[in-house]
Amino acid sequence: MGRATRAIIDVSAISQNYRLAKKLAPHANAVAVIKADAYGHGAVRVALAMEHEVPAFGVACIEEALELRAGGVKKPILLLEGFFTADELLLIAEHNFWTAIHRLEQIAMLEEAPIATPVNVWLKLDSGMHRLGFDAKDYRQAYERLQASDNVADVVLMSHLACADELDKPHTMQQAAYFDQAADGITAPHSIANSPATLAWPALHRDWIRPGLMLYGASPFEEAQANADQLVAAMTLESEVIAIHDLQAGEAVGYAASYVCDKPTRVGTVAIGYGDGYSRSAGTGTPVIVNGQRTRIIGRVSMDMCAVDLTGLSEVGIGSKVELWGRQLSINEVARHCGTIPYTLFTGVTKRVPRHYI
Ligand SMILES: *Cc1c(COP(=O)(O)O)cnc(C)c1O
């Protein structure tokens, strides 16, 4: 009943992609990164399905971590952006959250916190991205302060890569060299690798990898890459044809009449638009699958609908199934047509779109 637009989430595909990450980095532990509602896939559902094989989950902030606890997730949860205010530390200790620490004020707050159980800390080095983290010159001192505090349990040395998806750039190895110099002489586990580094930079696997995007079956790379090519799409975004118009050459489709038919064209209206998170940047020519056949978007995507070219497709009609991305059509290819990355498409799927778990 009702509107057919939905995102079908195959949680076994997420587990399969997680196992690929583990296989590629056999000596590392793997935090499953499920921030931003597991990149739009539903963090609680994903976490509960993976919990038996995942030592810890990664989210951005405590609000996301508390949502997982409320949903029954028991494993440790790493706050990748750390904490913002001292009052969070009570909850961090109470719920066995692990926290990134990226500046001195956070160390002071942690030293002073009236907590009964010590907290695991991931001490962040800014190795060149200049987003979060200590400089090399302050890093050892920060580590020693943590070591001296009764409120601190284990410390992991972490950093984040800016360019690991670009395999021919020198930045990644420069960041690694900076990290190794800052960490020299500190005996603690290392964590550097996000999805692209898990897939393509084995020297950076170290002790803990932090795969995110790859778990959902999208590639972080623009080009084909042998390991990324083994990923399995976890989300299929689909809808259906709800109207069909046979237009003559010269007739226009959609807002701004921007697409004008150059020949007789069968146009299908599909019940999905940017209000569902299907990008308005998906212009004419963006691939879609209708009833198993590849065709294209024509004209402007509107809030609740978009138009597809049905000309010459066999056995399509009202109710024909439309896949916007998923098993038959890679989200990477759609993202390329939209001038964006799969991360924004995944996280942009709105709450109007019901998630169906299989
Ligand atoms: C989001 C995030 C990750 C995961 O990145 P992907 O590119 O999605 O694999 C890893 N580490 C940190 C610190 C992050 O913020």
Side-chain angles (χ1 to χ4, degrees), residues 14 17-18 20-22 24-25 28-41 43 46-47 50 54-65 76-84 97-103 106 120-134 156-167 169 171-172 175-176 179 189-202 204-222 225 227-228 231 233-235 331-332 335 340-348:
I14 301 175
N17 296 326
Y18 180 78
L20 175 65
K22 296 276 297 168
L24 294 171
N29 287 304
V31 174
V33 178
I34 56 169
K35 63 192 180 188
D37 203 25
Y39 296 50
H41 293 67
V46 168
M50 300 178 78
V54 170
F57 294 102
V59 298
C61 55
I62 198 166
E63 289 80 2
E64 292 184 327
I77 303 169
L78 169 62
L79 312 181
L80 291 162
E81 218 172 82
F83 58 92
F84 303 82
F97 298 154
W98 303 349
T99 183
I101 281 195
H102 60 85
R103 60 190 170 92
Q106 292 175 313
N120 281 353
V121 171
W122 289 44
L123 184 62
K124 190 141 189 187
L125 177 76
D126 173 14
S127 59
M129 186 167 180
H130 304 316
R131 192 172 66 172
L132 292 182
F134 293 88
V156 172
L157 309 182
M158 83 178 294
S159 196
H160 195 57
L161 299 167
C163 308
D165 57 325
E166 295 174 85
L167 300 177
K169 269 198 178 173
H171 294 66
T172 298
Q175 283 194 258
F179 180 94
H190 294 179
S191 178
I192 305 174
N194 51 5
S195 292
T198 299
L199 291 161
W201 298 90
L204 303 186
H205 289 162
R206 307 295 171 93
D207 303 292
W208 284 93
I209 57 172
R210 307 187 306 269
L213 184 75
M214 68 175 286
L215 302 179
Y216 310 101
S219 172
F221 306 111
E222 292 261 342
Q225 197 269 348
N227 292 330
L231 295 167
M235 177 192 290
I331 193 172
N332 285 87
T340 188
I341 51 177
Y343 298 80
T344 67
L345 295 183
F346 277 146
T347 57

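Atoms within a ligand are numbered from 1 in the order they appear, just like the ligands themselves.
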Results of side-chain hydrogen bond (donor to acceptor under 3.5 Å, both in side chains) for Ser159 - residues two or more places apart only = Ser127
Pairing residues for Glu166 by the side-chain hydrogen bond (donor to acceptor under 3.5 Å, both in side chains) criterion, not counting sequence neighbours = Lys169
Short N/O distance, under 3.5 Å, between Leu213 and ligand 1?
-> yes
Looking only at N/O atoms, are Pro211 and ligand 1 under 3.5 Å apart anywhere?
-> no
Compute whether any side-chain donor of one residue and acceptor of the other, for His160 and Arg210, lie under 3.5 angstrom apart.
-> yes
Is the shortest heavy-atom distance from the side chain of Leu199 to the side chain of Phe221 under 4.5 Å?
-> yes
Quick one: sort the Phe346 and His41 rings into parallel, tilted or perpendicular, breaks at 30° and 60°.
-> perpendicular
Who gets closest to atom 10 (C) of ligand 1 by heavy atom: Arg210, Arg131, Glu81, Met214?
-> Arg210
Please report which non-hydrogen protein atom sits nearest to [atom], along with the residue it belongs to and the distance in Å to one decimal place.
atom: atom 7 (O) of ligand 1; value: Tyr343 OH, 2.7 Å
atom: atom 1 (C) of ligand 1; value: Lys35 NZ, 1.4 Å
atom: atom 9 (O) of ligand 1; value: Ser195 OG, 2.5 Å

Would you find a donor on one side and an acceptor on the other, under 3.5 Å apart, between the side chain of Ser195 and the backbone of Met214?
-> yes
Under 4.0 Å to a heavy atom of Tyr39 - the qualifying atoms of ligand 1, by number = 1 (C), 4 (C), 5 (O), 6 (P), 8 (O)
